[in-house]
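Just so you know, these numbers come straight off a predicted model, no measurement behind them.
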Amino acid sequence: MSFLFAVLYAAYDRKIDVPACIPFNATFKEPRVKQVDNTTYEVYAVARMWSFEPAQIELPVGSTVDFYLTSNDVVHGFNIAKKGVNMMAIYGAVNKSTVKFDKPGVYKILCHEYCGVAHQNMQAEIIVNYK
Ligand code: CUA
């Protein structure tokens with residue numbers, strides 16, 4: 001019985017431990033969009049009840065973006081419509097996804113993990129346009 005518990009615990013631990021555990025306030029104290037070069041960006045995004053920061057992200061067409069995501073409270077989802085991105089925002093952990101935006105448009109970010117009464121209002125947007 002205790003062996004089974006140990007296995008389950010190890011599996012659970014591994015699952016939430018990927019890819020990195022950092023203190024929430026070290027990298028994400030100021031959610032931001034960082035330009036690396038002409039076509040490369042990094043977004044440090046924070047989910048909390050019930051919003052995302054930054055709430056609006058503007059990018060030029062052709063951008064490749066590394067999204068680094070964490071939560072300031074409970075588990076949230078981070079779904080970028082039309083891009084097939086489905087990440088979890090977890091307090092104390094950082095998840096990463098790289099996305100290229102080849103076409104102009106407005107890409108909604110939606111929380112797809114139930115997180116409380118205003119869950120359905122929890123969203124942000126990415127605006128991709130020509131410079
Ligand atoms: Cu955050 Cu649902």
Parallel, tilted or perpendicular, as decided by the 30° and 60° cut-offs, for the rings of Tyr107 and Phe101: perpendicular
With rounding to the nearest 0.5 Å, note down the distance linking CD in Glu42 to OG1 in Thr64. 12.0 Å
Side-chain heavy-atom pair Pro104, Tyr130 within 4.5 angstrom cut-off: yes
Please check if Leu69 and Phe28 belong to a single hydrophobic cluster, counting links between Ile, Leu, Val, Met, Phe, Trp and Tyr side chain heavy atoms closer than 4.5 Å. no
Does Ser63 reach the main-chain N or O of Pro60 with its side chain, forming a donor-acceptor pair under 3.5 Å? yes
Examine Lys34 relative to Tyr41 and say whether NZ or CZ is less than 6.0 Å from the centre of the six-membered ring and inside a 45° cone about the ring axis. no
Connected via hydrophobic side-chain network under 4.5 Å: Val61 and Val33: yes
Could you tell me which non-hydrogen atom of Phe52 sits nearest to which non-hydrogen atom of Gly77, and how far apart they are? CZ-O, 3.2 Å
Not counting sequence neighbours, which residues clear side-chain hydrogen bond (donor to acceptor under 3.5 Å, both in side chains) with Gln56? List them please. Glu125
Value for OH (Tyr91) from CG (Asn72), rounded to nearest 0.5 Å, stands at 7.0 Å
Any donor-acceptor N/O pair, His76 side chain to Glu113 backbone, under 3.5 Å: no
Heavy-atom closest pair (Tyr44 atom, Pro54 atom, distance to 0.1 Å) is O-CD, 3.7 Å
For Lys131 and Asn38, which heavy atoms make the closest approach, and how far apart are they? NZ-O, 4.2 Å
Indicate yes or no for a side-chain donor-acceptor contact from Trp50 to the backbone of Cys115 under 3.5 Å, with no hydrogens or angles considered. yes
Let me check something: do Met122 and Ile80 share a hydrophobic cluster, defined by ILVMFWY side-chain heavy atoms less than 4.5 Å apart, either directly or through other members? yes
Distance, nearest 0.5 Å, that separates SG of Cys111 from CE of Met49: 11.0 Å
Working to the nearest 0.5 Å, report the span between CD1 of Ile57 and CD1 of Ile127. 10.0 Å
Rounded to the nearest 0.5 Å, what's the gap from OG on Ser51 to CD1 on Ile109? Could you check? 11.5 Å
Hey, mind stepping through Lys96 and Phe67 against side chain to side chain contact (heavy atoms under 4.5 Å, CB included) and telling me if it holds? CA-CA 5 Å; Lys96 182 189 175 191; Phe67 288 91; over 6 Å; no
Take Asn129 and Glu58, measure what side chain to side chain contact (heavy atoms under 4.5 Å, CB included) needs, and give me the verdict at the end. CA-CA 8 Å; Asn129 217 331; Glu58 292 183 34; over 6 Å; no
Assess whether atom NZ of Lys100 is packed by more than 12 heavy atoms of other residues, nucleotides or ligands within 6.0 Å. no
Under 3.5 Å: donor-acceptor pair, side chain of Thr70, backbone of Ile90: yes
Any donor and acceptor pair, going by atom type alone, linking the side chain of Asp102 with main-chain N or O of Gly62 inside 3.5 Å? no
Please answer whether the main-chain N or O of Val85 pairs with a side-chain N or O of Asn79 as donor and acceptor at a distance below 3.5 Å. yes
Is there a side-chain contact between Leu59 and Val65, using heavy atoms and a 4.5 Å cut-off? yes
Rounded to the nearest 0.5 Å, how far apart are CD of Gln123 and CZ of Phe78? 12.5 Å
Hey, are the side chains of Val128 and Lys103 touching, using non-hydrogen atoms and a 4.5 Å cut-off? no
